[in-house]
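Before any comments, here is the structure.
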2 protein chains.
Amino acid sequence: MNIGQASKASGVTTKMIRYYHEIGLVQPASRSDSNYREYDERQINELRFIKRARSLGFSMEEITQLLSLWRDRSRPSREVKAIADRHLAHLNARIAEMQAMADTLQHLSLCCAGDERPDCPILADLTSGTEPTERAGRQTLVQRAR
Amino acid sequence: MNIGQASKASGVTTKMIRYYHEIGLVQPASRSDSNYREYDERQINELRFIKRARSLGFSMEEITQLLSLWRDRSRPSREVKAIADRHLAHLNARIAEMQAMADTLQHLSLCCAGDERPDCPILADLTSGTEPTERAGRQTLVQRAR
DNA sequence: GATAGACCTTCCCGTCATGGGAGGGTCAAG
DNA sequence: CTTGACCCTCCCATGACGGGAAGGTCTATC
């Protein structure tokens with residue numbers, strides 16, 4: 001199987017497969033005489049694993065750890081769970097931050113007439129510079145909103 | 001006021017202020033004889049506006065639009081509201097995606113013993129490659145998880 | 001007036017996971 | 001033997017910054 005076939009079989013783009021090789025996430029596939037990458041079922045399964053993990057929002061670094069635990073038949077499930085729980089906490093924190101933004105925006109939007117007149121509570125809020133409640137620091141908060 | 005004083009007054013780092021100049025978000029401040037940027041109250045207010053908008057998760061592009069409406073005293077509040085509502089929809093969509101991830105993870109985590117044994121429903125799920133419900137396409141879904 | 005150190009300037013690189021595309025080699029079918 | 005669909009590597013871009021180098025400026029103290 002060359003990279004195109006591996007891509008179809010795994011649902012991961014060729015660009016991403018090459019990137020995963022580059023960062024050492026998956027072992028380099030063997031190469032044909034003409035320097036084409038070659039894949040077998042094992043690689044395909046790893047690519048599917050990565051894809052699924054990405055769809056759950058794990059970072060590449062976390063996936064590196066998960067993959068290595070996956071390959072280790074004697075791993076303690078404790079370690080897997082720890083990674084999952086850490087990520088879950090991360091997700092919940094970000095959800096809460098974004099929910100706070102959404103709540104504020106929802107409120108402002110409801111207060112805004114949305115007509116031809118210039119008066120606008122949304123702009124008024126942005127002007128007044130009401131500080132968000134300072135839980136984790138605003139810059140972090142903003143960064144994570146991305 | 002030079003850039004350091006503007007930074008303290010607005011709560012925006014000097015790096016960010018220079019970046020906002022670079023992308024044309026705020027009008028270039030005047031320059032002193034020694035090429036130092038100079039700021040007045042107007043600039044400070046704009047920086048505070050940007051900071052507050054960022055804390056609500058608006059992108060730079062949206063803030064560009066919001067700033068131009070803010071400067072226009074005859075803007076219709078309809079336009080401001082449209083931007084806010086679009087962003088709100090965006091936020092809600094991303095929250096829903098992340099919540100779906102969190103729900104799945106929460107379930108898997110609860111099913112995982114988290115002990116010394118290697119059996120792990122989390123890894124099993126990643127292996128089986130259960131596809132996420134295909135609403136908006138998985139790649140978009142994954143990208144947004146960042 | 002000299003020197004220190006706290007500022008300012010521009011410029012370039014790195015982030016993270018990925019897409020786009022150039023420039024060139026390879027393979028299979030017609 | 002050509003065509004077009006692949007493959008290769010390498011570089012650039014994304015968004016919203018942070019870090020840091022190399023060099024100019026200001027201010028306070030000696």
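Computed from a predicted structure; not experimentally measured. Order of the sequence lines fixes the chain letters, A, B, ..., with proteins taken first and strands second; residue numbering starts at 1 for each chain.
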Exercise for review: Indicate if A:L88 and A:M60 have the same hydrophobic cluster label, given that clusters are the connected sets of ILVMFWY residues with side-chain heavy-atom separations under 4.5 angstrom.
Suggested key: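 In one cluster: yes.
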Practice item. Treating Ile, Leu, Val, Met, Phe, Trp and Tyr as nodes and any side-chain heavy-atom pair under 4.5 angstrom as an edge, say whether A:M16 and A:L25 lie in one connected cluster. Key: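 Same hydrophobic cluster.
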Under 4.0 Å, counting only non-hydrogen atoms across every strand here, what does [X] touch: a base, just sugar-phosphate, or nothing?
X     : result
B:I23 : nothing
B:R18 : base
B:Y20 : sugar-phosphate

Practice item. Please check if the side chain of B:Q5 supplies one atom and the backbone of B:N2 the other of a donor-acceptor pair under 3.5 Å. Key: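 Yes, because the side chain of B:Q5 sits within donor-acceptor range (under 3.5 Å) of the backbone of B:N2.
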Ignoring hydrogens and angles, write down the donor-acceptor pairs under 3.5 Å from the side chains of residues 111-123 of chain B, residues two or more places apart or on other chains.
{"unit_1": "B:D115", "atom_1": "OD1", "unit_2": "A:S77", "atom_2": "OG", "d": "3.3"}
{"unit_1": "B:D115", "atom_1": "OD1", "unit_2": "B:R117", "atom_2": "N", "d": "2.9"}
{"unit_1": "B:D115", "atom_1": "OD2", "unit_2": "B:R117", "atom_2": "NE", "d": "2.8"}
{"unit_1": "B:D115", "atom_1": "OD2", "unit_2": "B:R117", "atom_2": "NH2", "d": "2.6"}
{"unit_1": "B:E116", "atom_1": "OE1", "unit_2": "A:R78", "atom_2": "NH2", "d": "3.0"}
{"unit_1": "B:E116", "atom_1": "OE2", "unit_2": "A:R78", "atom_2": "NE", "d": "2.8"}
{"unit_1": "B:E116", "atom_1": "OE2", "unit_2": "A:R78", "atom_2": "NH2", "d": "3.3"}

Considering just the side-chain nitrogens and oxygens of [X], establish if one lies under 4.0 Å of OP1 or OP2 belonging to [N].
X     : N      : value
B:R37 : C:dC8  : no
A:N2  : D:dC7  : yes
A:S59 : C:dC16 : no
A:R31 : D:dC7  : no

Check your understanding: How far apart are the closest heavy atoms of B:I17 and B:S10, and which atoms are they?
Key ->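 Distance-wise, the nearest heavy atoms are CD1-OG, 4.5 Å.
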Exercise for review: Spell out yes or no: do the side chain of B:Y36 and the base of D:dG24 have one donor N/O and one acceptor N/O closer than 3.5 Å?
Suggested key: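 Looking at the base of D:dG24, it does pair with a donor or acceptor on the side chain of B:Y36 (distance under 3.5 Å).
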Separation of atom [atom1] in [X] from atom [atom2] in [N], rounded to whole Å:
X     : N      : atom1 : atom2 : result
A:Y19 : D:dT14 : OH    : C1'   : 13 Å
B:M1  : C:dC8  : CE    : P     : 12 Å
A:K15 : D:dC6  : NZ    : C1'   : 14 Å

Check your understanding: B:I50 or A:T14: which one's nearest nucleotide on DNA chain D is closer to the 5' end?
Key ->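 Looking at the nearest nucleotide for each, A:T14 comes out on the 5' side.
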Exercise for review: Let me know, please, whether B:S34 or B:M60 comes out on the 5' side of the other along DNA chain D by nearest nucleotide.
Suggested key: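 Going by which nucleotide is closer to the 5' end, it is B:M60.
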Check your understanding: Out of D:dA16, C:dC8, C:dA17, which has the shortest distance to the side chain of A:R54?
Key ->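 For A:R54, the side-chain atoms sit closest to C:dA17.
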